[in-house]
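So that the names make sense, note that chain A is the first sequence line, chain B the second, and so on, each numbered from 1.
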There are 2 protein chains.
Amino acid sequence: MKVNKELLKGSTVSIILAMLDRQSMYGYQMIKEIEKQSDGFFAFKEGTLYPILHSLEAKGMVESYWTETEGSRRRKYYRITGKGRLHLEKRRSEWTIFCKAVNQVLGEGLG
Amino acid sequence: MKVNKELLKGSTVSIILAMLDRQSMYGYQMIKEIEKQSDGFFAFKEGTLYPILHSLEAKGMVESYWTETEGSRRRKYYRITGKGRLHLEKRRSEWTIFCKAVNQVLGEGLG
DNA sequence: GTCTATACATAGCATATCTAGGTATAATAG
DNA sequence: CTATTATACCTAGATATGCTATGTATAGAC
């Protein structure tokens with residue numbers, strides 16, 4: 001991460017769900033994709049991503065399935081569920097509200 | 001806090017410094033003011049604010065002074081320092097960059 | 001055959017906020 | 001005069017979350 005990593009807390013789950021909302025992906029791929037789509041800003045660590053994916057699966061927000069094409073490494077794909085999409089929408093609006101509130105307080109003179 | 005409080009992590013220090021940049025205040029006052037200026041969105045707990053103020057003072061970002069007017073409670077005022085202002089500017093730009101990156105990833109189609 | 005990139009996984013650490021508790025004074029209600 | 005509430009400070013411990021470090025295994029490059 002390029003800036004204060006504490007900023008990220010509370011946004012990681014939203015980011016992961018948003019990525020999976022665009023297309024199903026496997027863990028390693030997500031790390032690369034998130035980095036790419038944020039212009040190298042977010043560099044998720046495996047130790048961050050995998051536990052979150054497991055937790056999201058346990059909560060029914062995502063589903064996983066293995067692919068084992070011959071001559072290729074096994075990959076565990078994750079797909080967002082309906083429940084996951086609802087949660088994402090909630091998180092998205094939370095983020096918008098939060099963002100606005102911080103800007104209001106941080107803004108030089110006033111919001 | 002009204003939403004996911006984890007979102008707040010990493011922003012509290014910026015918020016506190018931004019408040020003190022407008023005017024010197026004492027702890028209890030800050031809690032009320034921050035709540036007011038964010039339209040009731042941020043409700044800092046004393047257990048959150050005071051340790052941060054102490055830490056900021058130890059780092060030379062803020063300075064404190066007691067006022068003990070007669071017939072009134074003692075109050076410990078905090079004033080932002082030059083170092084604190086520099087830090088605030090850094091944090092502000094961090095926030096802007098972070099905000100942009102999250103919006104880019106969270107945005108429906110793309111940023 | 002060795003090294004690197006890919007691909008999954010987890011235990012333990014560090015950090016930051018909150019909960020819950022403590023102390024003390026001024027103002028108000030009874 | 002006493003009890004309660006609001007003000008005003010403080011800290012220890014619980015909790016949450018991402019990171020560090022480490023482990024396993026396979027495909028491809030040299």
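- With rounding to whole Å, A:Trp66 atom CH2 is found 12 Å from D:dT26 atom P.
- Between A:Tyr50 and C:dA9 there is no side-chain polar atom (N or O) within less than 4.0 angstrom of OP1 or OP2.
- Side-chain contact, B:Glu57 with B:Ser64: a donor N or O sits under 3.5 Å from an acceptor N or O.
- Remark on DNA chain D: of its neighbouring residues B:Tyr26 and B:Pro51, the 5'-side contact belongs to B:Tyr26, judged by nearest-heavy-atom nucleotide.
- As rounded to whole Å, 15 Å separates atom C1' of D:dT7 from atom CD of B:Glu33.
- Taking 4.0 angstrom as the limit, B:His54 places none of its side-chain polar atoms (N or O) nearer than this to OP1 or OP2 of D:dC9.
- No side-chain donor-acceptor contact under 3.5 Å links A:Thr12 to the backbone of A:Leu8.
- At D:dA21, none of the side-chain N or O atoms of A:Lys45 fall inside 4.0 Å of OP1 or OP2 (strictly under the cut-off).
- Atom CD1 of B:Ile16 and atom P of C:dT17 are 8 Å apart (whole Å).
- Taking atom CZ of residue B:Arg91 and atom C1' of nucleotide C:dA16, one finds them 11 Å apart after rounding to whole Å.
- Within the 3.5 Å criterion, the main-chain N or O of B:Ile34 finds a donor-acceptor partner in the side chain of B:Ser38.
- At the heavy-atom level, B:Gly47 lies under 4.0 Å from base atoms of the strands shown.
- Heavy atoms only, all atoms of each residue included: B:Ile16 and B:Leu49 are closest at CD1-CD1, 3.4 Å.
- Residue A:Arg73 places at least one side-chain N or O closer than 4.0 Å to OP1 or OP2 of C:dA7.
- Remark on DNA chain C: of its neighbouring residues B:Ile52 and B:Glu46, the 5'-side contact belongs to B:Ile52, judged by nearest-heavy-atom nucleotide.
- B:Gln23 has its side chain within reach of B:Gln29: a pair of non-hydrogen atoms, C-beta onward, lies under 4.5 Å apart.
- C:dT10 atom P lies 13 Å from atom CG of A:Leu49, rounded to whole Å.
- Within residues 55-63 of chain B, no residue is approached by DNA chain C to less than 4.0 Å at the level of any non-hydrogen atom.
- Between B:Glu35 and B:Lys32 there is no salt bridge, since no side-chain N of the basic residue sits under 4.0 Å from a carboxylate O of the acidic one.
- Atoms CE (B:Met25) and C1' (D:dT7) sit 17 Å apart, rounded to a whole Å.
- Between the P atom of C:dC8 and the CZ atom of A:Phe44 lies a distance of 16 Å, rounded to the nearest Å.
- The pair A:Asp21-A:Arg92 counts as a salt bridge, with a side-chain nitrogen and a carboxylate oxygen less than 4.0 angstrom apart.
- At least one side-chain nitrogen or oxygen of B:Lys76 sits closer than 4.0 Å to the OP1 or OP2 atom of D:dC10.
- For A:Arg75 and C:dA5, the CZ to P distance is 17 Å, given to the nearest whole Å.
- At D:dA8, none of the side-chain N or O atoms of B:Arg74 fall inside 4.0 Å of OP1 or OP2 (strictly under the cut-off).
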